[in-house]
Amino acid sequence: MKEVVSLLFLVLLVSVSDADQVTKPNVGNFLECIRNRTSPENPITEALYTLNNSTFISSYESYTKKKMYSNPNYVKNLIAIVAAKHESHVQTTVICSKSNRIQIRIRSGGHDFEGLSYISSVPFVVLDMHDLRSITIDVPHKKAWVQSGATLGELYTKIADASKTLAFPAGVCPTVGVGGHFSGGGYGNLMRKYGISVDHVVDAQLVDANGKILNRSSMGEDLFWGIRGGGGASFGVILSWTINLVEVPETMTVFKVNKTLEQGATNVLFKWQLVSSSKLPRELFLRAMPQIVIGEKNGDKTIAVKFYAQFLGSAKKLMEIINKNLPELGLKREDCYEMSWINTTMFWEDYPFGTNTSVLLDRPTNPPSGFFKNKSDYVKKPIPKEGLEKIWKTMLKFNNVWMQWNPYGGVMDQIQANATAFPHRKGNLFKILYFALWSDANATDANLGLMKELYKVTEPYVSSNPREAYLNYRDIDVGSNPSDETNVDEAKIYGSKFFLGNLERLMEVKAKYDPENFFRYEQSIPPVRAM
Ligand SMILES: Cc1cc2nc3c(=O)[nH]c(=O)nc-3n(C[C@H](O)[C@H](O)[C@H](O)COP(=O)(O)OP(=O)(O)OC[C@H]3O[C@@H](n4cnc5c(N)ncnc54)[C@H](O)[C@@H]3O)c2cc1C
Ligand SMILES: *[C@@H]1O[C@H](CO)[C@@H](O)[C@H](O)[C@H]1NC(C)=O
Ligand SMILES: *[C@@H]1O[C@H](CO)[C@@H](O)[C@H](O)[C@H]1NC(C)=O
Ligand SMILES: *[C@@H]1O[C@H](CO)[C@@H](O)[C@H](O)[C@H]1NC(C)=O
Ligand SMILES: *[C@@H]1O[C@H](CO)[C@@H](O)[C@H](O)[C@H]1NC(C)=O
Ligand SMILES: *[C@@H]1O[C@H](CO)[C@@H](O)[C@H](O)[C@H]1NC(C)=O
Ligand SMILES: *[C@@H]1O[C@H](CO)[C@@H](O)[C@H](O)[C@H]1NC(C)=O
Ligand SMILES: *[C@@H]1O[C@H](CO)[C@@H](O)[C@H](O)[C@H]1NC(C)=O
Ligand SMILES: *[C@@H]1O[C@H](CO)[C@@H](O)[C@H](O)[C@H]1NC(C)=O
Ligand SMILES: *[C@@H]1O[C@H](CO)[C@@H](O)[C@H](O)[C@H]1NC(C)=O
Ligand SMILES: *[C@@H]1O[C@H](CO)[C@@H](O)[C@H](O)[C@H]1NC(C)=O
């Protein structure tokens with residue numbers, strides 16, 4: 001193993017004679033570099049916000065989706081925001097940041113759970129992609145081209161406007177940006193039938209560490225492999241994706257049913273583990289969501305498990321499948337609703353029936369209203385009932401906590417773990433998202449402590465060696481580095497959880513395309529060549 005340190009050393013030696021290169025961040029020079037490179041056709045100065053602009057902070061906060069509890073000085077190191085309006089703005093930002101040793105944080109939808117797309121403990125620039133959001137749909141070829149600043153809601157709407165039977169497998173939340181979402185994997189309720197977003201990405205445009213725009217053929221297959229699941233921000237700035245759309249029936253069926261502990265939730269959920277990934281057809285995605293609710297009888301806290309389902313078929317057929325495989329759910333025909341794919345995206349977001357689908361295009365700019373901590377896990381064998389009961393006991397210590405249990409199986413068992421950089425495939429029963437929410441800053445320590453406790457309680461029941469984690473469910477607890485330094489040993493800790501056996505190849509790809517480690521952040525992939 002040749003470590004990153006020696007590579008960096010070489011690079012520094014080479015660059016001593018280069019007048020543009022400096023070893024310490026040079027803010028003044030950076031701004032001058034940006035302004036010097038502005039062009040009359042596409043002036044970057046109109047995309048540049050500094051402290052002198054009265055809208056600097058509001059521009060920063062409009063895509064800051066998380067109320068920070070761990071980083072009170074998060075704006076302190078922010079030098080500028082470039083809200084790119086043109087591809088050349090991205091190139092210029094990369095070139096000027098690199099030559100002046102200033103870090104960039106790339107932000108598309110701003111949904112990173114830990115805010116890693118907009119915070120740093122060293123001077124940095126936010127490269128904001130939200131204005132680069134064009135979408136083109138090619139119905140005859142079942143393809144689409146989408147810029148990274150587009151949201152899932154915008155993509156879904158454009159697809160549905162163009163066709164009643166095309167769709168795209170990606171996440172549920174309409175305000176998530178495709179820039180971060182696709183590069184980290186991107187899963188949703190079509191996963192068992194069609195896999196995840198990266199399985200349908202067929203080309204990408206990216207600005208590399210030299211400021212060059214590359215596509216699949218000019219970047220090469222190994223880099224193209226890496227940005228499909230390895231996270232974009234370790235490799236470059238993704239400008240756009242070309243994706244294959246998938247076919248769905250004009251009418252699909254959804255339902256929501258819930259069961260409290262008193263109504264036998266534990267038994268139903270135990271049985272759910274035995275059927276949801278292995279027995280149910282891949283056309284059916286049945287998510288379970290254990291959460292705290294206030295009990296009906298005495299107003300005490302209890303647990304309810306909500307089951308949300310989506311079926312690529314009729315209500316009649318769905319009833320047959322559930323009655324055969326999970327009669328304990330007590331599903332009734334009137335729980336089932338037939339609707340179009342675009343309407344299912346509204347259903348998953350709990351919009352009331354009849355809501356105008358234009359809400360999928362909303363880009364709320366109000367600051368986040370609460371504090372959160374999320375974590376993830378992968379489960380490979382059923383959790384015994386005693387285990388479930390231990391989990392409930394710990395959950396009940398929170399004021400507000402819930403989980404999503406997302407069933408695997410179907411095509412996820414058939415796609416090789418190394419087909420893309422996203423490795424969590426065969427052998428999983430389901431993936432867990434943990435989600436704690438509180439509104440009072442004073443409750444932060446208590447909630448973070450409880451989250452650690454819950455993660456400890458589930459340890460015996462989930463994947464181990466390594467305990468796998470989903471990159472897109474960003475969680476700083478699984479390992480992280482300082483903002484400006486990539487320690488390889490530490491990177492291997494979080495890297496092996498996110499990427500399993502794909503880590504080695506990701507490090508090689510990184511070493512080949514970004515040997516100087518310009519694209520680095522707290523959980524980036526280090527440039528390390530195998531000997
Ligand atoms: C409400 C909610 C629901 C979610 N639901 C799902 C779900 O159903 N399925 C799922 O898989 N995930 C889900 N997620 C997680 C989501 O996929 C990730 O948070 C994703 O990284 C968000 O992408 P973004 O562009 O909005 O985020 P950002 O915060 O902008 O970026 C996230 C990461 O990607 C990098 N990045 C962003 N844009 C680019 C780019 N153009 N080039 C290179 N790197 C880039 C950032 O630097 C950062 O490291 C959900 C998140 C939220 C908040
Ligand atoms: C900006 O342009 C001026 C005039 O050409 C030049 O003297 C200066 O060195 C440039 N600065 C940077 C940081 O590139
Ligand atoms: C920020 O202010 C400068 C002048 O100080 C102006 O040229 C620039 O266009 C402003 N940026 C934006 C994005 O409005
Ligand atoms: C802000 O404006 C002042 C006065 O014009 C100028 O001296 C300073 O360099 C500017 N700062 C930035 C960050 O652009
Ligand atoms: C945690 O996950 C939930 C559900 O996906 C999401 O609504 C919430 O925004 C996430 N938390 C953060 C900090 O993003
Ligand atoms: C990829 O880029 C190369 C070089 O710029 C170009 O010749 C080619 O047409 C591009 N391919 C696609 C699919 O856009
Ligand atoms: C369960 O579902 C019913 C019907 O949808 C709903 O009225 C009720 O509030 C739900 N209960 C819980 C605990 O979520
Ligand atoms: C989708 O929802 C809208 C608004 O509720 C409704 O008018 C429409 O009939 C629904 N269409 C289908 C096919 O489900
Ligand atoms: C939905 O909202 C859009 C935008 O606000 C509006 O143009 C459209 O008429 C609305 N559609 C319906 C059916 O109300
Ligand atoms: C993936 O792994 C298999 C063996 O498990 C190997 O044959 C194949 O070449 C690998 N594919 C890639 C793209 O590395
Ligand atoms: C939180 O703690 C601070 C300082 O101890 C106190 O002033 C404030 O009232 C508390 N807030 C709440 C909502 O309890």
Side-chain angles (χ1 to χ4, degrees), residues 31 34-35 38 42-60 62-71 79-86 89 93 107 109-119 126 128 130-131 152-153 157 160-161 170-177 180-181 184 186-189 287 289-291 306 308 342-343 346 348-351 353-362 364 367-376 400-406 431-439 444 447-448 451 470 472-477:
L31 291 169
I34 294 265
R35 289 177 183 133
T38 199
N42 296 302
I44 190 172
T45 43
E46 286 177 9
L48 177 69
Y49 297 81
T50 68
L51 275 170
N52 280 355
N53 297 86
S54 56
T55 48
F56 179 64
I57 296 296
S58 58
S59 158
Y60 179 67
S62 62
Y63 282 84
T64 299
K65 302 288 186 195
K66 182 181 152 119
K67 195 180 260 182
M68 299 309 297
Y69 49 80
S70 52
N71 243 301
I79 297 167
I81 299 165
V82 177
K85 295 178 194 300
H86 188 264
H89 300 166
T93 306
R107 177 162 79 177
H111 268 308
D112 195 289
F113 287 174
E114 300 277 5
L116 299 193
S117 55
Y118 51 85
I119 56 171
V126 167
D128 206 319
H130 71 257
D131 271 340
L152 291 180
T157 301
D161 285 349
V172 164
C173 175
T175 55
V176 161
H181 187 67
Y187 82 91
N189 37 49
R287 172 187 283 176
M289 290 192 283
Q291 55 201 262
K306 291 195 178 179
Y308 280 30
I342 194 71
N343 283 12
M346 307 269 292
W348 282 94
E349 273 292 286
D350 289 328
Y351 283 112
F353 290 112
T355 305
N356 189 326
T357 50
S358 65
V359 297
L360 294 171
L361 304 176
D362 287 352
S369 59
F371 300 90
F372 312 87
K373 177 66 193 178
N374 290 7
K375 301 179 83 65
S376 63
N400 195 353
V401 67
W402 45 279
M403 299 198 220
Q404 269 179 17
W405 293 15
N406 293 294
K431 161 164 72 184
I432 297 181
L433 164 70
Y434 306 80
F435 175 29
L437 172 64
W438 62 100
S439 52
T444 296
N447 275 280
L448 295 180
M451 210 50 171
Y470 177 35
N472 269 351
Y473 285 165
R474 183 83 68 195
D475 175 9
I476 211 81
D477 306 347

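Values below: every heavy atom of this structure, side chains too, minus hydrogens, waters and symmetry copies. Residues: numbered from 1 along the sequence shown. In listed order, ligands and their atoms are each counted from 1.
- The shortest N or O to N or O distance between Asn374 and ligand 5 is under 3.5 Å.
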Practice item. For the pair Phe113 and Asp475, evaluate side chain to side chain contact (heavy atoms under 4.5 Å, CB included) and give the outcome as yes or no after the intermediate values. Key: CA-CA 7 Å; Phe113 287 174; Asp475 175 9; over 6 Å; no
Practice item. Please test Trp438 against Leu448 for side chain to side chain contact (heavy atoms under 4.5 Å, CB included), starting from the C-alpha separation and ending with a verdict. Key: CA-CA 10 Å; Trp438 62 100; Leu448 295 180; 3.9 Å; yes
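- At a 4.0 Å heavy-atom cut-off, ligand 3 touches Thr45 through the backbone alone.
- Counting heavy atoms under 4.0 Å from ligand 5, residue Asp112 does not touch it at all.
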Practice item. Please test Thr55 against Asn53 for side-chain hydrogen bond (donor to acceptor under 3.5 Å, both in side chains), starting from the C-alpha separation and ending with a verdict. Key: CA-CA 5 Å; Thr55 48; Asn53 297 86; 5.2 Å; no
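- Using a 4.0 Å heavy-atom cutoff, Val172 is absent from the residues neighbouring ligand 5.
- When each atom of ligand 3 is checked for a heavy atom of Tyr49 under 4.0 Å away, the hits are 13 (C).
- Between Thr157 atom OG1 and Leu361 atom CG the span is 4.0 Å, to the nearest 0.5 Å.
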Please tabulate protein-ligand N/O pairs under 3.5 Å for ligand 9, atom names and distances to 0.1 Å.
residue  : atom   : partner : partner atom : Å
ligand 9 : 2 (O)  : Asn356  : OD1          : 3.4
ligand 9 : 2 (O)  : Asn356  : ND2          : 2.3
ligand 9 : 2 (O)  : Ser358  : OG           : 3.3
ligand 9 : 11 (N) : Asn356  : ND2          : 2.9
ligand 9 : 14 (O) : Asn356  : ND2          : 3.3

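- Here Leu48 has backbone heavy atoms under 4.0 Å from ligand 3, and that is the only part of it that gets that close.
- Close approach of ligand 5 to Leu433 (heavy-atom distance below 4.0 Å) involves ligand atoms 2 (O), 4 (C), 5 (O).
- No N or O atom of Asn52 sits closer than 3.5 Å to an N or O atom of ligand 3.
- Contacts between Phe435 and ligand 5 below 4.0 angstrom, taking non-hydrogen atoms only, involve the side chain exclusively.
- Checked against ring-ring contact (aromatic ring centres under 6.0 Å, His included), Phe435 has the following partners two or more places apart in sequence or in another chain: Phe372, Trp402.
- Ring-plane geometry between Tyr308 and Trp348 is classed as tilted, the angle between the planes lying from 30 to 60 degrees on a 0 to 90 degree scale.
- A donor-acceptor pair is defined here as one N or O able to donate and one able to accept, closer than 3.5 Å; such a pair exists between the side chain of Tyr60 and the backbone of Tyr118.
- Looking only at distances, a side-chain donor or acceptor of Thr38 sits under 3.5 Å from a matching main-chain atom of Ile44.
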Practice item. Kindly indicate, with the supporting measurements, whether the criterion side chain to side chain contact (heavy atoms under 4.5 Å, CB included) is fulfilled by Arg474 and Lys375. Key: CA-CA 7 Å; Arg474 183 83 68 195; Lys375 301 179 83 65; over 6 Å; no
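- Judged by distance alone, the side chain of His89 and the main-chain N or O of Asn42 form a donor-acceptor pair under 3.5 Å.
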